[in-house]
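First comes the structure, then the notes that go with it.
Just so you know, these numbers come straight off a predicted model, no measurement behind them. Just so you know, these numbers use all the heavy atoms, side chains as well, and skip hydrogens, waters and symmetry mates.
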Amino acid sequence: AFQEMREALWALFYSTNVAQILQAYPVGHAEPFAHTWSLSLEEQFYFVWPLLLLFLLRRNSRNSLLCWILFGVYLSVGARILLYLGTDLSGRLSRLGGSLDTLADSLLLGSLAGVLIASNFLPRSDRFVKTLNALAMLSTVGLIIMGVFNFFTSRMICFGWLLASVFAMILITCLA
């Protein structure tokens with residue numbers, strides 16, 4: 001009962017991913033709150049992103065904002081690759097695959113799609129729309145294929161997660 005109470009508190013404060021990284025309780029068991037690691041990650045992003053967005057919009061143009069978002073994607077992918085290269089994966093997969101800094105690229109790419117759409121930066125020509133639709137179909141196939149791979153292979157960690165995020169961003173942009 002005490003263990004469940006601790007897990008509930010970690011989940012309540014959206015920090016289950018932090019608990020798993022700190023090994024506050026075992027990862028991979030059938031705990032009732034283990035699945036909340038991804039919700040924790042998203043809520044941490046949603047806490048930081050509006051503040052950062054407000055700051056960036058007050059000081060920069062929309063074009064500059066897009067550059068800052070892409071820089072954040074670059075930093076996130078770089079952090080993930082550097083951590084992967086310098087990590088004994090047997091005990092630190094939770095850090096690599098559950099931390100905001102190593103997974104922010106996918107959330108930032110979604111934000112990039114949102115800024116592009118909200119700012120009317122996407123062309124409306126028939127050619128662009130047809131190209132985007134074709135890319136969306138290709139992205140769907142790519143996401144399905146990537147779904148059968150192990151998420152913790154070196155290729156998936158270094159490039160696959162980013163590629164999946166790009167595929168998802170194309171789909172989001174196409175559906176908007």
Side-chain angles (χ1 to χ4, degrees), residues 10-22 36-87 92 94-140 142-143 146 151 154-176:
W10 284 106
L12 177 66
F13 292 104
Y14 296 108
S15 53
T16 304
N17 63 328
V18 175
Q20 290 177 347
I21 291 167
L22 297 175
T36 63
W37 73 268
S38 62
L39 298 172
S40 298
L41 187 74
E42 289 172 20
E43 289 301 322
Q44 292 161 13
F45 179 80
Y46 297 143
F47 178 74
V48 172
W49 177 243
L51 300 173
L52 189 58
L53 184 62
L54 185 63
F55 174 78
L56 289 172
L57 284 174
R58 286 188 176 197
R59 302 203 185 278
N60 300 292
S61 67
R62 294 277 172 122
N63 289 336
S64 180
L65 174 63
L66 295 174
C67 292
W68 280 109
I69 293 172
L70 289 172
F71 182 63
V73 170
Y74 172 79
L75 289 177
S76 180
V77 172
R80 187 168 59 238
I81 291 171
L82 288 175
L83 185 64
Y84 170 75
L85 293 175
T87 300
R92 303 306 293 167
S94 58
R95 168 69 175 90
L96 184 63
S99 182
L100 183 58
D101 62 334
T102 59
L103 294 179
D105 57 319
S106 57
L107 294 163
L108 286 170
L109 284 172
S111 299
L112 179 72
V115 171
L116 288 171
I117 293 165
S119 302
N120 291 320
F121 284 159
L122 298 176
R124 299 285 181 205
S125 68
D126 286 340
R127 183 177 182 191
F128 179 77
V129 171
K130 286 180 183 178
T131 302
L132 194 58
N133 285 332
L135 286 172
M137 295 286 245
L138 184 64
S139 295
T140 302
L143 286 170
M146 291 179 82
F151 285 106
S154 61
R155 287 188 192 118
M156 282 300 293
I157 290 168
C158 294
F159 306 107
W161 294 355
L162 176 64
L163 187 59
S165 300
V166 169
F167 285 162
M169 185 186 82
I170 291 169
L171 284 172
I172 290 167
T173 307
C174 184
L175 295 173

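- The distance from atom CD of Glu42 to atom CG of Leu100, rounded to the nearest 0.5 Å, is 10.5 Å.
- Remark: side-chain polar atoms of Ser61 are paired, donor with acceptor, to backbone N or O of Ser64 under 3.5 angstrom.
- Remark: Trp49 CH2 to Leu108 CG distance equals 6.0 Å, nearest 0.5 Å.
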Report task. List the steps, then state whether side-chain contact (heavy atoms from CB on, under 4.5 Å) holds for Val115 with Leu66. Result -> CA-CA 8 Å; Val115 171; Leu66 295 174; 3.5 Å; yes
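- Taking CD1 of Ile81 as the reference point, atom CG of Leu162 lies at 8.5 Å (rounded to 0.5 Å).
- No more than 12 heavy-atom neighbours from other residues, nucleotides or ligands sit within 6.0 angstrom of CZ on Phe47.
- Counting only distance, with no hydrogens or angles, the side chain of Asn60 and the backbone of Leu65 share no donor-acceptor pair below 3.5 Å.
- Once rounded to the nearest 0.5 Å, the distance linking CG of Leu138 with CG of Asn133 reads 12.5 Å.
- If you take CZ on Arg59 and CG on Leu54, they are separated by 10.0 Å, rounding to the nearest 0.5 Å.
- Side-chain atoms of Ser76 do not come within 3.5 Å of backbone N or O of Gly72 as any donor-acceptor pair.
- Counting heavy atoms from C-beta on, the side chains of Asp101 and Arg80 never come closer than 4.5 Å.
- When all heavy atoms are compared, the tightest approach of Met169 to Ala113 is CG-CB, 3.6 Å.
- Annotation: side chain of Leu53 is in contact with side chain of Leu57 (closest heavy-atom distance under 4.5 Å).
- Judged by distance alone, the side chain of Ser125 and the main-chain N or O of Phe128 form a donor-acceptor pair under 3.5 Å.
- Ser15 and Gln44 get closest at one heavy-atom pair: CA-NE2, 4.0 Å.
- To the nearest 0.5 angstrom, Ile69 atom CD1 is 6.0 Å from Ser111 atom OG.
- Ring geometry, Phe71 versus Trp68: the interplanar angle exceeds 60°, so the pair is classed perpendicular (tilted spans 30 to 60°).
- Contact record, Asn17 with Trp37: CB-O, 3.8 Å, taken as the closest heavy-atom pair.
- Between the side chain of Thr102 and the main chain of Gly98, no donor-acceptor pair closer than 3.5 Å is present.
- For Asp126, the CG atom counts as loosely surrounded, since its 6.0 Å shell holds 12 or fewer non-hydrogen atoms of other residues, nucleotides or ligands.
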Report task. Kindly determine whether Leu163 and Phe167 satisfy side-chain contact (heavy atoms from CB on, under 4.5 Å), including the steps that lead there. Result -> CA-CA 6 Å; Leu163 187 59; Phe167 285 162; 3.8 Å; yes
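- Judged purely by atom type and a 3.5 angstrom limit, Ser40 uses its side chain to pair as donor or acceptor with the backbone of Thr16.
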